[in-house]
Engineer: 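Next up is a structure, given as structure tokens.
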Amino acid sequence: MKLYEAWEAQAAQERSEKEYQAFWQDYLLKEQGVYEKMLGEKNTKLTGTIAALAEANGMDAMTFAGFLDGINTSLVEPLVLEDLEETTEIDAEVDFEKLYFNMLDAKADWLFNLPAWDDILTVEQRKEIKKEFNKTKTVVKEAKVGRNDPCPCGSGKKYKKCCGA
């Protein structure tokens with residue numbers, strides 16, 4: 001079984017509420033540690049084998065595959081997660097602006113509020129990313145054509161006598 005499949009099976013495993021909370025709390029603490037290290041070192045590169053990267057970040061290879069699943073949309077070139085094995089060599093680059101945006105999208109305030117972001121993105125950059133994120137959540141309704149308005153098809157007739165009939 002490939003690492004990503006094993007991770008999905010582990011994450012979806014039937015658990016009691018207490019076990020579920022403990023599993024995710026443990027994972028999220030490990031994930032936060034990886035992000036703190038990455039941001040603290042201003043390291044945009046993930047280079048090496050999965051096993052070596054997992055060990056360097058205090059995780060097992062399967063859990064690191066779960067981390068890669070979470071960060072995959074923030075990579076310059078996304079990985080094919082289904083092909084990952086412990087010996088797989090990866091050379092991935094993290095786009096910190098995308099990462100910050102995706103952390104906002106995931107509502108992961110424990111991650112996008114990390115103090116290490118201060119040295120990566122300025123307050124203005126983070127505000128701009130937050131503004132762009134908020135734009136994606138705003139619903140804009142298109143103006144409806146009124147029955148007495150000119151028909152949008154360009155016939156010159158009123159809508160009610162043309163396409164609205």
Side-chain angles (χ1 to χ4, degrees), residues 1-140:
M1 183 184 294
K2 304 269 185 178
L3 288 174
Y4 182 66
E5 292 171 9
W7 166 253
E8 284 186 318
Q10 176 78 13
Q13 183 179 341
E14 195 71 30
R15 297 179 171 85
S16 70
E17 183 65 27
K18 190 175 182 179
E19 292 170 330
Y20 177 85
Q21 294 295 333
F23 173 80
W24 286 107
Q25 186 175 17
D26 181 54
Y27 170 75
L28 293 174
L29 283 173
K30 289 177 182 177
E31 179 188 47
Q32 182 176 346
V34 176
Y35 283 124
E36 285 174 339
K37 182 179 175 186
M38 183 186 298
L39 295 172
E41 296 172 355
K42 297 179 186 165
N43 183 13
T44 61
K45 291 290 210 175
L46 291 171
T47 309
T49 64
I50 299 294
L53 288 168
E55 186 178 326
N57 288 293
M59 294 182 178
D60 59 83
M62 180 186 62
T63 306
F64 193 73
F67 170 77
L68 290 174
D69 179 31
I71 200 172
N72 202 31
T73 57
S74 302
L75 298 176
V76 174
E77 196 68 37
L79 301 170
V80 180
L81 299 172
E82 291 77 16
D83 296 342
L84 297 179
E85 295 179 359
E86 288 191 36
T87 56
T88 304
E89 282 279 340
I90 63 169
D91 185 16
E93 186 175 354
V94 179
D95 181 337
F96 282 142
E97 290 185 11
K98 261 194 212 178
L99 179 62
Y100 191 80
F101 183 93
N102 290 334
M103 286 178 175
L104 290 170
D105 192 33
K107 298 178 178 75
D109 59 328
W110 65 94
L111 295 176
F112 66 77
N113 286 327
L114 288 172
W117 280 112
D118 295 341
D119 296 334
I120 305 287
L121 300 172
T122 64
V123 174
E124 292 78 27
Q125 286 175 309
R126 286 183 279 171
K127 282 183 182 177
E128 191 60 36
I129 294 169
K130 176 88 168 125
K131 187 189 289 185
E132 289 299 316
F133 168 73
N134 289 340
K135 280 183 186 178
T136 66
K137 300 299 177 198
T138 305
V139 177
V140 180

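Note that the numbering runs from 1 along the sequence shown for the chain. Heavy-atom basis, side chains included; hydrogens, waters and symmetry copies ignored.
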Engineer: If I take atom OG1 from residue T44 and atom CE from residue M38, how far apart are they, to the nearest 0.5 angstrom?
Structural biologist: 9.0 Å
Engineer: Which heavy atom of I120 sits nearest to which heavy atom of K42, and what is that distance?
Structural biologist: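 Smallest heavy-atom distance, with atoms named: CD1-CG, 3.4 Å.
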Engineer: Grab the two heavy atoms, one from F133 and one from T136, that are nearest each other, plus how far apart they are.
Structural biologist: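 So the two residues come closest at O-OG1, 2.5 Å.
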Engineer: I'd like to check Q32 versus L111 (side-chain heavy atoms, cut-off strictly below 4.5 Å). Are they in contact?
Structural biologist: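 Q32 vs L111: side chains touch.
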Engineer: Please report the closest heavy-atom contact between L99 and W117, naming both atoms and the distance.
Structural biologist: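 Scanning both residues, the minimum pair turns out to be CD2-CH2, 4.0 Å.
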Engineer: Counting only heavy atoms not in Q25 (residues, nucleotides, ligands), do more than 12 fall under 6.0 Å from its CD?
Structural biologist: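 Atom CD in Q25 is not packed in, count stays at 12 or less.
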Engineer: Just jot down the side-chain contact (heavy atoms from CB on, under 4.5 Å) partners of Q10, sequence neighbours excluded, or say none.
Structural biologist: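 Applying side-chain contact (heavy atoms from CB on, under 4.5 Å) to Q10 gives Q13, R15, F23, M62.
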Engineer: Taking atom CZ of F96 and atom OG of S74, what is their separation to the nearest 0.5 Å?
Structural biologist: 10.5 Å
Engineer: What is the distance from atom CD1 of I90 to atom CD of E77, rounded to the nearest 0.5 Å?
Structural biologist: 13.0 Å
Engineer: Are Y4 and W7 close enough that their ring centers fall under 6.0 Å?
Structural biologist: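 Between Y4 and W7, the centre distance exceeds or equals 6.0 Å.
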Engineer: State, to 0.1 Å, how close A92 and L79 come at their nearest heavy-atom pair, and which atoms those are.
Structural biologist: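 That closest heavy-atom pairing would be CB-CD2, 4.3 Å.
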Engineer: Is any side-chain heavy atom of K137 less than 4.5 Å from a side-chain heavy atom of L104?
Structural biologist: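 No, every pair of side-chain atoms sits at 4.5 Å or beyond.
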Engineer: Between atom NZ of K18 and atom CD of Q21, what is the distance when rounded to the nearest 0.5 Å?
Structural biologist: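 Atom-to-atom, K18:NZ and Q21:CD are 11.5 Å apart.
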Engineer: Out of curiosity, T63 OG1 to E31 CD, how far, rounded to the nearest 0.5 Å?
Structural biologist: 11.5 Å
Engineer: Quick one: which residue pairs count as a side chain to side chain donor-acceptor pair (under 3.5 Å) with a foot in residues 47-57, not counting sequence neighbours?
Structural biologist: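 Output for this query lists T47-D91.
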Engineer: For residues 51-85, which residue pairs pass the ring-ring contact (aromatic ring centres under 6.0 Å, His included) check, not counting sequence neighbours?
Structural biologist: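 Pairs touching residues 51-85 that pass the test: Y35-F67, F64-F67.
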Engineer: Between the side chains of K127 and E124, is the shortest nitrogen-to-carboxylate-oxygen separation below 4.0 Å, so that they form an ion pair?
Structural biologist: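 Salt bridge flag = no for K127 with E124.
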Engineer: Below 4.0 angstrom, N of the basic side chain to O of the carboxylate: do K98 and D105 qualify?
Structural biologist: no
Engineer: Nearest 0.5 Å, please: how far is CD in E8 from CD in E82?
Structural biologist: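 So the gap between those two atoms works out to 7.0 Å.
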Engineer: State, with a plain yes or no, whether a side-chain heavy atom of T87 is found less than 4.5 Å away from one of I50.
Structural biologist: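 No; the side chains remain at least 4.5 Å from each other.
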Engineer: With a 4.5 Å heavy-atom cut-off, do L3 and E86 have their side chains touching?
Structural biologist: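 Yes, side chains in contact.
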Engineer: Of all heavy-atom pairs between A116 and G40, which one has the smallest distance, and what is that distance?
Structural biologist: CB-N, 4.1 Å
Engineer: Apply the test side-chain contact (heavy atoms from CB on, under 4.5 Å) to residues I71 and V94: give CA-CA distance (whole Å), side-chain angles for both, the deciding distance (0.1 Å), then the verdict.
Structural biologist: CA-CA 8 Å; I71 200 172; V94 179; 3.9 Å; yes
Engineer: Hey, does L68 have a side-chain heavy atom less than 4.5 Å from the side chain of L46?
Structural biologist: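 The answer is yes, as the side chains (C-beta and beyond) meet within the 4.5 Å cut-off.
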